There are 2 protein chains.
Amino acid sequence: MSAASTPEGGVSTGSTTRRAELLAIAARLFAEKGFKNTTVRDIADAAGILSGSLYHHFDSKESMVDEILSTFQEALFAQYDEILASDDDARTKLERAVRVSFEAIEQHGPEVAIFQNDADHLVTFERFGYLADRNAQSRQVWVTLLEEGVRTGVLRADLDVTLTYRFIRDTVWVAVRWYRPGGRHTHTEVADQYVRILLDGISASSVVE
Amino acid sequence: MSAASTPEGGVSTGSTTRRAELLAIAARLFAEKGFKNTTVRDIADAAGILSGSLYHHFDSKESMVDEILSTFQEALFAQYDEILASDDDARTKLERAVRVSFEAIEQHGPEVAIFQNDADHLVTFERFGYLADRNAQSRQVWVTLLEEGVRTGVLRADLDVTLTYRFIRDTVWVAVRWYRPGGRHTHTEVADQYVRILLDGISASSVVE
DNA sequence: CACAGCCTACCAAGCATTTGCTTGGTATGG
DNA sequence: CCATACCAAGCAAATGCTTGGTAGGCTGTG
């Protein structure tokens, strides 16, 4: 029923412009109000059209968020993979991973926010299984970096790697809730400040045995 | 959720009032699925009653979450105030504040989760204005502690206090997403690990000029 | 160069379901 | 006999999505 009314040629071609515009509008609203809490009428209003007209461009509300998230995840993990495969030492890799993450918040805030806020809910649908995979993959990236750091003596030997991973992940990604491009700090500054605290702590005299 | 088998707290525990039971059920669901995404029928099903019957106990869905959050916030800030007013040095106060927070996650997980996930949305309603107040108050607690630390020379002088506050707040409270009572770590262990990283970093050799 | 045909983007109207909540009635223990 | 706790039925609004139609630009052909 759906394929009949939707011109097949318009899927990959068509007006990429309008389609991309609508996706950007939807992403912003999903990030602001949450996926479930954003109605197709909200999106249509923001785009200046009627809700029914959205279905000329997309199959469903789900397919919109699907396209938004999958595209973003693809790009992000390409960067992580590059860092993992690089020749940098563990400390530099960690720094780069943190920077890349804050950069993603800067450049793809809505996508990060949607992933943070709605992934748990979306993952219950088969269609979004890849989100769980990506999550596991992300964990693997960080844990690998941390273990490499411990092994090479760059990081403390008594570190609980899993727990540390969670702390880093939480701090970095939840920053999407308060970080605003053009605000008091650049994303690079925020990343540097966090790396400094993460590596050396906030204590004035950090004499570690 | 098989409402037929054993509705949550269906067997009246006698001592606890039915009202409190229903609030606990609602809190768990709000935390799991989000406030807006939880229907009154969800709550009623979990309680083994019909949705309309909830309105014998509560005015509205909003008043349920209101009662859940306000009660919790009251208790939490009493603890913060006690720490602020104590004679401990800045470092000890910070440690205590972190511990109290993880303790809240342990003992009032649903309440913390609701506050984390839905406060932004709820705060747009006049009724929940106190949530914004409490948020500002919390910020004040942490910033005061950090500034005291810098002033007394316990913490690094070049610390960006506001940024540090955000990092701490994010890491501590978002832990509610993964921390599970009875899991691999106690809340005290998690708090200690975090305090250690926060103060001294994860680096093996902290060279702080 | 006119014009039929087609395509993109949208409108207008509405349908089925879900949702928060209401109203009037009922069973049961004290 | 009365308060507590609940049921039965349903309403109005909101929500995701469908259907049939239209305006305007572009294209190829005679």
Side-chain angles (χ1 to χ4, degrees), chain A residues 1-26 29-30 32-68 118 121-122 125 127-128, chain B residues 1 3-4 6-26 29-30 33-68 118 121-122 124-125 127-128:
Chain A
M1 46 115 199
S2 57
S5 61
T6 311
E8 206 50 43
V11 168
S12 59
T13 62
S15 170
T16 316
T17 347
R18 189 52 173 155
R19 190 186 172 80
E21 275 178 15
L22 294 175
L23 276 183
I25 292 170
L29 290 173
F30 289 156
E32 272 175 22
K33 315 174 48 172
F35 172 71
K36 187 90 187 277
N37 200 14
T38 302
T39 72
V40 292
R41 282 172 181 81
D42 288 337
I43 302 171
D45 283 354
I49 60 179
L50 293 184
S51 66
S53 303
L54 282 176
Y55 291 83
H56 170 72
H57 299 275
F58 307 97
D59 284 346
S60 64
K61 203 175 86 166
E62 270 188 20
S63 73
M64 293 189 217
V65 79
D66 191 352
E67 193 164 334
I68 290 167
D118 294 309
H121 171 244
L122 292 175
F125 299 98
R127 166 174 209 166
F128 295 95
Chain B
M1 207 66 43
T6 303
E8 191 93 0
V11 181
S12 114
T13 52
S15 60
T16 43
T17 70
R18 185 58 171 154
R19 186 188 176 79
E21 278 178 12
L22 294 175
L23 276 183
I25 293 169
L29 290 173
F30 289 156
K33 314 174 50 172
F35 173 70
K36 187 89 188 276
N37 200 14
T38 301
T39 72
V40 292
R41 284 172 180 81
D42 287 338
I43 302 171
D45 283 354
I49 60 179
L50 293 183
S51 66
S53 303
L54 283 175
Y55 292 83
H56 170 72
H57 299 276
F58 307 98
D59 285 345
S60 63
K61 204 174 87 167
E62 271 189 19
S63 74
M64 292 189 216
V65 79
D66 191 352
E67 193 164 334
I68 290 167
D118 295 308
H121 172 243
L122 293 175
T124 63
F125 299 97
R127 166 173 209 167
F128 295 96

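Worth saying up front: this structure is predicted, and the values here are computed from it rather than measured. Scope of the values below: all heavy atoms of this structure, side chains included, with no hydrogens, waters or symmetry mates. The sequence lines fix the lettering, A, B, ..., with proteins before strands; numbering per chain opens at 1.
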**OP:** For the residue pair A:Arg18 and A:Ile49, establish whether any side-chain heavy-atom pair is separated by less than 4.5 Å.
**Re:** yes
Original post:
Between D:dT18, C:dA9, C:dC21, which nucleotide gets closest to the side-chain atoms of A:Tyr55?
Top reply: D:dT18
Subject >> Whether A:Lys61 side chain and A:Phe35 backbone form a donor-acceptor pair below 3.5 Å >> reply: yes
Original post:
To the nearest Å, how far apart are A:His57 NE2 and D:dT18 P?
Top reply: 15 Å
Which pairs, protein N/O on one side and nucleotides 12-18 of chain C N/O on the other, fall under 3.5 Å?
none

Original post:
Does B:Arg18 have a side-chain nitrogen or oxygen under 4.0 Å from the phosphate oxygens OP1 or OP2 of D:dC6?
Top reply: yes
Original post:
What is the distance, rounded to the nearest whole Å, between atom CZ of A:Phe30 and atom P of D:dT15?
Top reply: 13 Å
Subject >> Euclidean distance, atom CZ of residue A:Phe58 to atom P of C:dC10 [Å, nearest integer] >> reply: 11 Å
Original post:
Which of these nucleotides, D:dT18, C:dC21, C:dC10, is closest to any side-chain atom of A:Ile49?
Top reply: C:dC10
Original post:
Tell me: NZ of B:Lys36 to C1' of D:dA13, nearest whole Å?
Top reply: 12 Å
**OP:** Send over the distance from A:Asp42 CG to D:dA14 C1', rounded to a whole Å.
**Re:** 11 Å
Original post:
Can you tell me how far the CD1 atom of B:Ile25 sits from the CG atom of B:Asp42, to the nearest 0.5 Å?
Top reply: 12.0 Å
Subject >> Nearest-0.5 Å distance that lies between atom CD in A:Glu32 and atom NE2 in B:His121 >> reply: 12.0 Å
**OP:** Measure across B:Asp59 and B:Ser63 and return the closest heavy-atom pair with its distance rounded to 0.1 Å.
**Re:** N-OG, 3.5 Å
**OP:** Specify the separation, in whole Å, of atom CG of B:Leu54 and atom P of C:dG20.
**Re:** 10 Å
Subject >> Check: A:Leu122 and A:Val65 side chains under 4.5 Å, non-hydrogen atoms >> reply: yes
**OP:** Let me know the distance between NE2 of B:His56 and P of C:dG24, rounded to the nearest Å.
**Re:** 17 Å
**OP:** Please report, rounded to the nearest Å, how far the P atom of D:dC6 is from the CG atom of B:Asp45.
**Re:** 14 Å
Subject >> Side chains of A:Leu22 and A:Ile43 in contact at under 4.5 Å (non-hydrogen atoms) >> reply: no
**OP:** From the options D:dA5, C:dG20, C:dC10, select the nucleotide whose nearest atom is closest to the side chain of B:Val40.
**Re:** C:dG20
